[in-house]
Amino acid sequence: MQRQQLGQYPDPRHVVAHLSDPHLLAGGRKQYGVIDTEAGLELALARLSRLEPVPQALVFTGDLADRAEPAAYQRLREIVEPVAAAMGAEVVWVMGNHDERSAYARGLFDTDDDRPQDRVHDVAGLRIVSLDTSVPGYHHGELGDAQLEWLAGVLGTPAPHGTLLALHHPPVPIPMMRAAEVIELYGQDRLADVLAGTDVRCILGGHLHYSTYSTFAGIPVSVASATCYTSDPAPLERFVSGVDGHQAMTMVHLYDDRVVHTIVPVEEALEVSGFPSDVRAQVEALTPEERRELLSRKDSPIYTGGIPVPGRV
Ligand SMILES: [Fe+2]
Ligand SMILES: [Fe+2]
């Protein structure tokens, strides 16, 4: 639904939900005996379903199945696909180091294939490239010569609204979790050479289990946290600390000239102030000047309690 413009910017042209590292386990087993990975993913999707405008794509940047079990990929599809269909959103899967190529290909694409799992999606003119940075048998990331050549070929032709590059191992420094430097993406200079001068507008990554932002070859990079356990960036006297909390995903709003990222925590929190959703129609019905006086003016009756706002909680 087209929303009335209340500020200086129109609605974004594309809306993408970026989730990462669901780490599902077969049979509903709990990760580390504690984390209900299915519940975390389901809660994240429930939160996404209420957003407006709804996402046009759900991008999952890897570590989809903790042990690459066929039943875990099947369960992933059972959980995600109906929600995506109800939203009208395309699902973009990306390989992670916990995934295995053959199980991933069979489980998610019904194909027998143990080659790098690189794919291209077209979401209303926005190209989303899923790039497989996994290395069989290892947790660090690498890209083969053939993959880099393939990527250069894909990016050789610009897409109508540019490209999002989705990969698991983000090409960024990792100052908040030094241990993860050992399992980062190796050979990043070669990827930078391929991306130079292309239409890639943003790189989406995962792997770190906390949200972080940077640039790579001048391109914005956004790393989404996880829906299972997360890495505590401020642990107490611990080299690495995975915790049951702080789970989050990231919304990606693409405007003609920029990309906006917003962290969306997965967990519900207690509301302490706000207005019900039907107030939006009342606000939209006002003139811009009336809106400014109502919502910007410090002594507006809605802040001083002078007028009742229907349903205010
Ligand atoms: Fe992970
Ligand atoms: Fe990972």
Side-chain angles (χ1 to χ4, degrees), residues 17-26 29-41 43-44 58-69 72-73 75-76 79-80 92-101 103-104 107-108 116-118 130-143 147 165-174 176-188 191 203-212 214 216 221-233 235 238-250 263 266:
H18 176 197
L19 303 98
S20 203
D21 295 77
H23 283 258
L24 289 198
L25 285 154
R29 300 194 325 282
K30 292 191 172 164
Q31 189 183 32
Y32 300 119
V34 176
I35 306 287
D36 186 339
T37 58
E38 287 188 18
L41 176 59
L43 187 53
L58 307 182
V59 179
F60 289 82
T61 47
D63 283 357
L64 310 179
D66 193 58
R67 305 280 171 88
E69 299 157 305
Y73 289 112
R75 189 73 191 114
L76 182 67
I79 293 173
V80 172
V92 177
W93 304 118
V94 180
M95 273 283 297
N97 53 297
H98 280 257
D99 299 299
E100 300 281 348
R101 285 173 180 162
Y104 171 98
L108 300 177
Q117 298 294 302
D118 303 322
S130 170
L131 192 64
D132 179 358
T133 53
S134 73
V135 179
Y138 286 88
H139 285 304
H140 72 272
E142 274 182 34
L143 291 163
Q147 285 183 280
L165 178 60
L167 42 69
H168 184 62
H169 299 80
V172 297
I174 313 171
M176 298 298 282
M177 192 168 59
R178 304 299 304 273
E181 294 177 340
V182 182
I183 57 167
E184 67 182 4
L185 179 65
Y186 291 12
Q188 295 182 16
L191 176 61
I203 299 170
L204 305 180
H207 192 44
L208 303 181
H209 291 225
Y210 65 88
S211 309
T212 190
S214 186
F216 179 72
V221 181
S222 172
V223 178
S225 187
T227 58
C228 60
Y229 77 90
T230 69
S231 305
D232 187 347
R238 303 283 286 169
F239 185 40
V240 175
S241 179
V243 298
D244 182 10
H246 312 157
Q247 288 87 353
M249 53 202 156
T250 304
I263 297 172
V266 168

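Position 1 is the first residue of the sequence, and the numbers go up from there. Numbering of ligands and ligand atoms starts at 1, following listing order. Computed over heavy atoms, backbone and side chain alike; hydrogens, waters and symmetry mates excluded.
Across Leu185 and Glu142, no two heavy atoms sit closer than the pair CD1-N, 3.7 Å.
Between His209 and Tyr229, the distance from one ring center to the other falls under 6.0 angstrom.
Ser20 is linked by a side chain to side chain donor-acceptor pair (under 3.5 Å) to Thr61, counting only residues two or more places apart in sequence or in another chain. Looking at residues two or more places apart in sequence or on another chain, you find a side chain to side chain contact (heavy atoms under 4.5 Å, CB included) between Ala72 and Leu24, Ala65, Glu69. For Gln117, the side chain to side chain contact (heavy atoms under 4.5 Å, CB included) criterion is met by Met95, Arg101, Tyr104, Ala105, Asp113, Arg119, Asp132, not counting sequence neighbours.
Counting only distance, with no hydrogens or angles, the side chain of Ser231 and the backbone of Leu208 share a donor-acceptor pair below 3.5 Å.
Here the Fe ion (ligand 1) has protein N, O or S atoms under 2.8 Å from it, and they come to 4.
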